[in-house]
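Notes follow the structure.
In what follows, every heavy atom counts, from backbone to side chain, and hydrogens, waters and symmetry copies are set aside.
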Number of protein chains: 2
Amino acid sequence: MATIYEVSKLAGVSLATVSRVINKNPRVSDKTRQKVLDAMAELGYRPNSIAQSLASNISNSVGILVSELHGPFFGQMMAGIESELRAAGKHVIITTGHSEEDKEKDGIEFLISRNCDAIILHVEAVSDAYLIDLCKGKMPVYFMSRLVEGLNDHCISLDNELGGYLATQSVIAQGHSTIAYIAGPQFKADAKDRLAGHKRALAESNIPFSDTLYFEGDFKETGGSDGLNHFLESKQEFSALICANDEMASGAITYARERGFSLPKDLSIIGFDNIIFARHTYPKLTTIDNPVNLMGTMAAKLVLKNIYKQKNMSITHSFEPTLITRDSLICKS
Amino acid sequence: MATIYEVSKLAGVSLATVSRVINKNPRVSDKTRQKVLDAMAELGYRPNSIAQSLASNISNSVGILVSELHGPFFGQMMAGIESELRAAGKHVIITTGHSEEDKEKDGIEFLISRNCDAIILHVEAVSDAYLIDLCKGKMPVYFMSRLVEGLNDHCISLDNELGGYLATQSVIAQGHSTIAYIAGPQFKADAKDRLAGHKRALAESNIPFSDTLYFEGDFKETGGSDGLNHFLESKQEFSALICANDEMASGAITYARERGFSLPKDLSIIGFDNIIFARHTYPKLTTIDNPVNLMGTMAAKLVLKNIYKQKNMSITHSFEPTLITRDSLICKS
DNA sequence: TTGTAGGCGTTATCAA
DNA sequence: TTGATAACGCCTACAA
């Protein structure tokens, strides 16, 4: 592979001049620039990004930590981040945390050791205190889908409490008053917030929150089936089921049918996140939209603005969920 | 951040010695090694991976190009690749090609300019000739889910023809003889192979292939609904529908119900890929399993073996699809 | 507008 | 077993 040195020789100019045209420094005469460009083309020259990084202390890469690489939620998020960053010539280094504290810390270490210019984290298991500490370090850190106290400027987050409220309010509006709730893992902030919103909506309508109609799931399909099974075993009456995410709602729908339910007549179900697949359940899932793709691009813009000093980036830190009405939630008969 | 130089000073040894302990070179006395280790700990030293890369010409990163970051198929694939590579201390740089020739080439360029040690490609739009040419270059290249003529050692692929055959054979075995087929985009090799398998099974049972029962979809949900709509409009009779992937099958299922079908009684449907969600359609989707996650780890192992010279890596280049029986395919009544 | 020279933090080749 | 010292390919004052 040709180096800057060979280009300079062929073009008959100095290293510095070649470097200038590579970096689009305007202080080069058009004539010289053309000579250099020609030489680069002739040699098939490509800058060595590693050497650039070492010399400039900028790696043009941003680290991303997500819980999982698969799954509709993270897919949308990564797609949003990557497309925005890629368009700016930055690349993403992606790793996973699997929602486990050790693995998340491990992943962060990994990213830091890779000399990213910044890292965007979707962490769930690690504590706020740890993150606050992390932010004191040299590596710029940003958070997706998580609001860390005192670090608002570093966060792109969804108002999960409002989403939880919206879901429950919609259910109540359809005349339901016996409502089961399958929550996400309560060590996850968004799961906790959604539950809080649920309780607020309940309280607002003077419906007591009942422990026997509450189940803590795992945010996966199994959480939905396990939860529903739990409620069914307990012989509680309920006409609606709220799931803290769409995967659990899918699991619940599938399981409900296995148990002989006719949906949505026998049971109304609402989800959360509006993953792509939500419109392909039967009945089509009524859910709360989580604009995670948009939030991904926003996180990327935040990095572009703060780290790479790009202008004209208007940042929205906080997003609001909205109700998506489909067929799985109907009036209580 | 501390450098190797500061460590050497604190430990009272030379740069070279510190470098040796970093690289686990055994030609260092235990005593010296300990001194160095202590110094590193005291300074919180972390090797600068960029400098390492520049000096050693190894970046410890492998580039991945997938069509999309979202979507159940690519999620599984990336998860497989990443977990295997990450365990070996390598990192992945992920970018997208969107199944468009220009963008795929662009992504490959991008990855090459990033000095990856190798790249793993899931490309669909680019020609075999281009890939063969690419392989002549300096960058080691591997292919996921695609068999390039003459580059078998570089490929991890699925026998799509067999999968297509299996699907159709299963449908025929259930007594169906009027069978509609929604294919994937025919510029994609796997879509073409699946169709070939379909035709072979048809021929084997002396069922003529009918153009009027063929539709070329887009591998997305819309392909399923569009295709089914097309067949319905054409007033053809058919008792079974084969979709070349699960997303299209989902779309078809949803659309069939909108058109008043009772599934699977009125229409049997089979998919391909066995994405996670396939068990949550209604009826649960009978499909062909595509072990893409496993194939991802295999691609990673291939790189680990060939590029990073890891031992004990047994490689399987070719995978076989299997039938997954659920509820969407039943006997012709 | 262009060139010179030092430095970025390691690895690797020789010697010792 | 250890230590000098020259790469690695590029950026960036500083000088001209």
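In terms of phosphate contacts, A:Ser29 brings a side-chain nitrogen or oxygen within less than 4.0 Å of OP1 or OP2 of C:dT2. At D:dT2, one or more side-chain N or O atoms of B:Thr32 fall inside 4.0 Å of OP1 or OP2 (strictly under the cut-off). Between B:Thr17 and the phosphate of D:dT2, there is no side-chain N or O to OP1/OP2 separation shorter than 4.0 Å. Between B:Tyr45 and the phosphate of C:dT10, there is a side-chain N or O to OP1/OP2 separation shorter than 4.0 Å. Of the side-chain N and O atoms in A:Asn23, one or more sit less than 4.0 angstrom from OP1 or OP2 of D:dC11. Applying the 4.0 Å criterion to OP1 and OP2 of D:dT2, one finds that B:Ser14 has every side-chain N and O outside that range.
Out of C:dT4, C:dA12, C:dG7, the shortest distance to the side chain of B:Ala16 is found at C:dA12. The A:Ser19 side chain lies nearest to D:dC11 when the options are D:dC10, D:dC11, C:dT10.
Note on B:Val13: only backbone sugar-phosphate atoms sit closer than 4.0 angstrom, heavy atoms only; bases stay farther off. A:Arg33 comes within contact range of no nucleotide atom at all, as no heavy-atom separation falls under 4.0 Å.
In this structure, A:Asn57 places its CG atom where only 12 or fewer heavy-atom neighbours from other residues, nucleotides or ligands lie under 6.0 Å away. A:Tyr5 OH: 12 or fewer foreign heavy atoms inside a 6.0 Å radius.
Per the geometry, OH belonging to B:Tyr5 stands 11 Å off P belonging to D:dA4, to the nearest Å. Protein atom NZ of A:Lys9 is 17 Å distant from nucleotide atom C1' of C:dG3, rounded to whole Å. Put simply, CD1 on A:Ile22 is 11 Å from P on D:dT12, counting in whole angstrom units. Regarding B:Ile4, its CD1 atom lies at a distance of 11 Å from the P atom of C:dA12, rounded to whole Å. Summarising the geometry, the separation between CG on B:Asn25 and P on D:dT1 is reported as 9 Å, rounded to the nearest angstrom. We find that CG of A:Leu43 is positioned 16 Å from C1' of D:dC10, with the value rounded to whole Å. We find that CG of A:Leu15 is positioned 13 Å from P of D:dC8, with the value rounded to whole Å. The CD-P distance, from B:Gln52 to C:dT10, rounds to 7 Å in whole Å.
Along DNA chain D, the nucleotide nearest to B:Asn57 and the one nearest to B:Arg27 differ in position, and the one closer to the 5' end is contacted by B:Arg27.
If you check distances only, the side chain of A:Arg20 does reach the base of C:dG3 with a donor-acceptor pair under 3.5 Å.
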Using the rule given for salt bridge (Lys or Arg N to Asp or Glu O under 4.0 Å), can you reason through B:Lys90 versus B:Asp117, listing the C-alpha separation, both sets of side-chain angles and the distance that settles it, and then say yes or no? CA-CA 10 Å; B:Lys90 314 302 176 190; B:Asp117 296 328; over 6 Å; no
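A salt bridge (Lys or Arg N to Asp or Glu O under 4.0 Å) with A:Arg146 holds for exactly one of A:Asp193, A:Asp128, A:Asp190; it is A:Asp128.
Using a 4.0 Å cut-off between charged side-chain N and carboxylate O, B:Glu109 and B:Lys105 make no salt bridge.
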